Amino acid sequence: MQFSNSREELAFLNQVPVERVLSIDLDDGQNPICYIGYDSLTQDIEFVLSFRSESNEEDLNLIFWQDRIVFDTGRSVFFVSYELELKASLELTTPLIGFHLVSDNELLILEEAFMRVVNKNGLVLKSESFDLVTRTTFEKNRLVLQTESGQRTLYLDPPA
């Protein structure tokens with residue numbers, strides 16, 4: 001949920017009937033954003049993640065990965081436990097394209113000109129830079145990137 005100003009966000013957070021709220025205090029932007037986790041049966045609010053971004057909500061990414069919530073703010077990627085403890089964060093080098101689960105233990109973070117494979121604690125296992133990506137495809141354990149200077153193939157470890 002994106003708010004038009006901080007007053008709206010604060011009013012919402014003060015009315016939320018839940019104790020599990022994590023506010024990540026960043027000076028990363030003017031757009032106050034809250035991700036709200038609901039119980040799928042009761043529609044009760046289970047948790048709220050609150051942060052600021054220069055990006056609009058629809059341009060950001062979030063993935064649930066084992067016991068982690070991984071999301072970006074447009075400038076950083078955060079790894080948060082289901083207990084809403086901040087476990088790790090990584091600054092983005094270039095704008096984020098998206099996330100892809102390589103295996104149960106590895107997550108690909110693909111940016112426009114950089115990629116990282118990380119574990120659930122945010123530890124970088126593999127990284128590589130390249131020219132600006134214009135298109136991506138997956139073929140088994142290979143990530144095929146069409147870049148401004150040609151095609152690049154990155155080999156990811158096969159799922160265990």
Side-chain angles (χ1 to χ4, degrees), residues 1-40 42-102 106-136 143 145-149 152 154:
M1 173 178 286
Q2 183 170 328
F3 299 93
S4 59
N5 59 52
S6 296
R7 283 191 323 264
E8 285 181 9
E9 176 192 28
L10 188 56
F12 170 77
L13 290 172
N14 286 334
Q15 294 176 7
V16 173
V18 66
E19 294 179 17
R20 294 182 55 211
V21 176
L22 175 62
S23 292
I24 298 177
D25 195 14
L26 304 169
D27 292 328
D28 272 1
Q30 300 176 31
N31 298 327
I33 296 174
C34 290
Y35 286 141
I36 305 163
Y38 293 92
D39 181 286
S40 64
T42 65
Q43 294 302 303
D44 291 338
I45 295 175
E46 295 287 321
F47 67 87
V48 176
L49 298 172
S50 171
F51 60 94
R52 296 190 162 307
S53 177
E54 282 297 319
S55 300
N56 290 318
E57 179 184 16
E58 62 269 7
D59 298 326
L60 301 176
N61 298 273
L62 177 137
I63 188 171
F64 291 92
W65 177 29
Q66 293 181 351
D67 62 347
R68 295 286 187 265
I69 303 165
V70 182
F71 66 96
D72 80 285
T73 64
R75 292 189 182 169
S76 299
V77 174
F78 290 91
F79 297 75
V80 175
S81 71
Y82 283 171
E83 292 78 29
L84 297 189
E85 295 174 13
L86 181 60
K87 295 298 188 178
S89 66
L90 299 169
E91 286 206 29
L92 293 170
T93 307
T94 60
L96 183 69
I97 293 174
F99 302 128
H100 177 77
L101 285 174
V102 175
E106 295 180 340
L107 175 71
L108 169 70
I109 300 172
L110 182 61
E111 301 174 35
E112 287 182 355
F114 194 71
M115 75 91 172
R116 289 176 253 207
V117 175
V118 299
N119 69 13
K120 69 179 192 169
N121 296 316
L123 178 67
V124 177
L125 306 173
K126 188 185 303 185
S127 66
E128 191 168 336
S129 61
F130 31 77
D131 291 332
L132 189 65
V133 173
T134 58
R135 197 180 84 210
T136 62
L143 173 62
L145 305 173
Q146 185 62 47
T147 69
E148 290 182 330
S149 63
R152 293 281 308 271
L154 303 172

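What you are looking at is a predicted structure, and each value in this text was computed from that prediction instead of being measured.
Among all heavy-atom pairs drawn from Ile45 and Val48, the shortest one is CG2-CG2, 4.0 Å. Across all non-hydrogen atoms, the minimal contact from Gly74 to Ser55 is CA-OG, 3.8 Å.
Of the possible polar contacts, one joining the Asn119 side chain to the Asn121 backbone as a donor-acceptor pair under 3.5 Å is found. Side-chain atoms of Thr134 come within 3.5 Å of backbone N or O of Gln146 as a donor-acceptor pair.
Side-chain contact between Arg52 and Gln30 is absent, with no heavy atoms from C-beta onward closer than 4.5 Å. Residues Thr73 and Leu92 are not in side-chain contact: their nearest non-hydrogen atoms beyond the backbone lie 4.5 Å or more apart. Annotation: side chain of Lys120 is not in contact with side chain of Leu107 (no heavy-atom distance under 4.5 Å). Side-chain contact between Lys126 and Leu108 is absent, with no heavy-atom pair separated by less than 4.5 Å. For the pair Ile109 and Val70, the minimum side-chain heavy-atom distance is 4.5 Å or more. Proximity of Phe130 to Leu154: side-chain heavy atoms (C-beta onward) are separated by under 4.5 Å at one or more points. Here the side chains of Glu57 and Asn31 are not in contact, with every heavy-atom distance at 4.5 Å or above. Using a 4.5 Å heavy-atom threshold, the side chains of Met115 and Ile97 count as separate.
Between the CG atom of Leu49 and the CD1 atom of Ile33 there is a distance of 11.5 Å, given to the nearest 0.5 Å. Atoms CG and CZ, on Leu96 and Phe71 in that order, are 12.5 Å from each other to the nearest 0.5 Å. In this structure, CD1 on Ile69 lies 12.0 Å from NZ on Lys87, to the nearest 0.5 angstrom. In this structure, CG in Asp72 is found 11.5 Å from CG in Leu90, a value given to the nearest 0.5 Å. One finds the CD atom of Glu85 at 9.5 Å from the CG atom of Leu22 (value rounded to the nearest 0.5 Å). Atom CD of Glu46 sits about 10.5 Å away from atom CG of Leu84, to the nearest 0.5 Å.
In the model, Glu111 has a side-chain atom that pairs as donor or acceptor with a side-chain atom of Thr94 under 3.5 Å.
With Glu106 as reference, Leu125 is the one residue of Leu101, Val118, Leu125 to meet the side-chain contact (heavy atoms from CB on, under 4.5 Å) rule.
The ring of Phe78 has its center no closer than 6.0 angstrom to the ring center of Phe51.
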Practice task
List the steps and the verdict of side-chain contact (heavy atoms from CB on, under 4.5 Å) for Glu83 and Asp67.
Solution key: CA-CA 9 Å; Glu83 292 78 29; Asp67 62 347; 6.0 Å; no

Practice task
Would you check, one step at a time, whether the test side-chain contact (heavy atoms from CB on, under 4.5 Å) holds for Leu110 with Leu143?
Solution key: CA-CA 10 Å; Leu110 182 61; Leu143 173 62; 4.3 Å; yes

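Heavy-atom contacts from other residues, nucleotides or ligands closer than 6.0 Å to CD of Glu91 number 12 or fewer.
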